[in-house]
Amino acid sequence: MTPNDRATTPVTDRQQPLGKHDIAALIAQDIPRGAFVNLGIGQPTLVADHLPADSGVVLHTENGMLNMGPAARDGEVDPDLTNAGKVPVTELPGAAYFHHADSFAMMRGGHLDICVLGAFQVSAAGDLANWHTGAPDAIPAVGGAMDLAIGAKQVFVMMTLFTKDGTPKLVPDCTYPLTGLGCVDRVYTDLAVFDIGANGVRVTRTFGIAPGELAARLEVPLTFAEGL
């Protein structure tokens, strides 16, 4: 089965919030052809299932694999082929394997065009907090996130915009321990897509929420793309 067999209908502006597979499909649409990309642990791994078969995108895993395919399904599982989250994956033609240290050298050396990471918080300045909530009982999990945040040419974040209790994850300043400073370029959420740059936070797309309501629920100053 090819990646294209698993891809959903292309995501456009919708009248309801996006589910996690919708967000993953949206990110997959925005990744340039032929890009070298790392997908972080958790929901970002879903992006692999939505890349078109002819995209030419090469997926890199920090545990030592290039040209990773979609998640493995029944009958496809090879216990030696996993992503960084230990989820069984498939390989695409031309896949290569290498030492863990070489994988991190690729990350730190600026060889990745894009990484897609999850986050607990993203600040208006593009600061990223995604490894620890600071809670006494929380288990820290840095992994390769710090290397990816500073090494990739672009950093995309995939997350819900609010926690279960309604607290925003896009904030003026991060209150959780930081992964990287000023590293996030774009944030994909269930309610909107945000570009972060020198001129602040710009909303490019919304899903199931009016711009006025979005602005009212966030403490971050927003500008909106024409037509929103």
Side-chain angles (χ1 to χ4, degrees), residues 11 18 20 23-48 50-51 55 57-63 66 68 83-85 103-133 140-161 168-205 218 220 222-223 225:
V11 177
L18 301 183
K20 60 184 180 181
I23 303 173
L26 183 60
I27 295 171
Q29 292 173 32
D30 288 349
I31 294 175
R33 292 181 59 83
F36 286 82
V37 179
N38 181 285
L39 304 177
I41 295 172
Q43 291 191 9
T45 61
L46 298 176
V47 174
H50 297 279
L51 289 167
S55 69
V57 172
V58 177
L59 295 180
H60 163 279
T61 69
E62 64 190 64
N63 55 327
L66 272 180
M68 178 186 78
N83 61 25
S103 178
F104 271 73
M106 294 177 190
M107 293 154 58
R108 296 168 180 167
H111 302 290
L112 297 177
D113 296 304
I114 296 170
C115 71
V116 185
L117 299 172
F120 296 129
Q121 290 179 330
V122 175
S123 81
D127 301 334
L128 172 67
N130 79 341
W131 68 278
H132 195 9
T133 63
V142 176
M146 292 181 177
D147 302 87
L148 289 165
I150 65 168
K153 296 172 186 174
Q154 284 188 293
V155 176
F156 293 169
V157 164
M158 176 181 176
M159 67 181 189
T160 56
L161 186 53
K169 296 183 184 179
L170 182 62
V171 295
D173 297 288
C174 293
T175 57
Y176 294 152
L178 292 180
T179 305
L181 287 169
C183 56
V184 177
D185 299 285
R186 185 175 296 165
V187 180
Y188 292 83
T189 77
D190 50 335
L191 295 174
V193 178
F194 306 87
D195 281 348
I196 300 179
N199 296 321
V201 181
R202 182 171 182 263
V203 182
T204 61
R205 279 168 279 193
L218 297 174
V220 174
L222 304 174
T223 60

Distance only, no hydrogens: is a donor on one side chain within 3.5 Å (strictly under) of an acceptor on the other, for Asn130 and Thr179? yes
Counting only N and O atoms by type, is there a donor-acceptor contact under 3.5 Å from the side chain of Asp127 to the main-chain atoms of Gly182? yes
So, the side chain of Gln121 versus the backbone of Tyr176: is there a donor-acceptor pair under 3.5 Å, distance only? yes
Minimum-distance pair of heavy atoms, taken over all atoms of Pro177 and Thr133: CD-C, 4.4 Å
Ignoring hydrogens, what is the shortest heavy-atom contact between Leu128 and Ala149? Give both atom names and the distance. CD2-CB, 4.3 Å
Candidate pair Phe194 and Val157, rule side chain to side chain contact (heavy atoms under 4.5 Å, CB included), full reasoning: CA-CA 10 Å; Phe194 306 87; Val157 164; over 6 Å; no
Leu59 and Thr61: side chain to side chain contact (heavy atoms under 4.5 Å, CB included), yes or no, with the steps? CA-CA 7 Å; Leu59 295 180; Thr61 69; 5.9 Å; no
Counting C-beta onward and ignoring hydrogens, is there a side-chain heavy-atom pair between Ile41 and Thr45 closer than 4.5 Å? no
Identify the two heavy atoms, one from Ala48 and one from Leu39, that lie closest to each other, and give their separation to 0.1 Å. N-CD1, 3.6 Å
Look up atom CZ in Arg186 and atom CG in Asp30, then write down how far apart they are to the nearest 0.5 Å. 5.5 Å
Considering residues, nucleotides and ligands other than Phe36, do more than 12 of their heavy atoms fall under 6.0 Å from its CZ? no
Distance in Å, Leu148 CG paired with Arg108 CZ, rounded so as to fall on 0.5 Å steps: 10.0 Å
Answer yes or no: is there a side-chain heavy-atom contact under 4.5 Å between Pro32 and Ile114? yes
Taking it one step at a time, do Asp190 and Leu161 satisfy side chain to side chain contact (heavy atoms under 4.5 Å, CB included)? CA-CA 6 Å; Asp190 50 335; Leu161 186 53; 3.8 Å; yes
After noting the C-alpha distance and the side-chain angles of Leu51 and Ile31, does the key distance pass the side chain to side chain contact (heavy atoms under 4.5 Å, CB included) rule? CA-CA 9 Å; Leu51 289 167; Ile31 294 175; 4.3 Å; yes
Got a donor-acceptor contact below 3.5 angstrom from the Asn38 side chain to the His60 backbone? yes
Distance in Å, Leu170 CG paired with Leu222 CG, rounded so as to fall on 0.5 Å steps: 7.0 Å
Nearest atoms (heavy-atom pairs only) where Val116 meets Pro44: O-CB, 3.4 Å
Got a second to check how far Met106's CE is from Leu112's CG, nearest 0.5 Å? 8.5 Å
Between Asp185 (side chain only) and Val155 (backbone N and O only), is there a donor and an acceptor less than 3.5 Å apart? yes
How far apart are the closest heavy atoms of Ala225 and Thr204, and which atoms are they? CB-CA, 4.0 Å
So, does Ser103 use its side chain to make a donor-acceptor pair with the main chain of Glu62 at under 3.5 Å? yes
Of all the heavy-atom pairs spanning Ser123 and Pro172, show the shortest one and how long it is. CB-O, 3.8 Å
Atom NZ in Lys169, atom OG1 in Thr189: separation rounded to 0.5 Å? 9.5 Å
Separation between CG of Leu178 and OG1 of Thr175, rounded to the nearest 0.5 Å: 9.5 Å
Do Leu26 and Val193 have side-chain heavy atoms sitting under 4.5 Å apart? yes
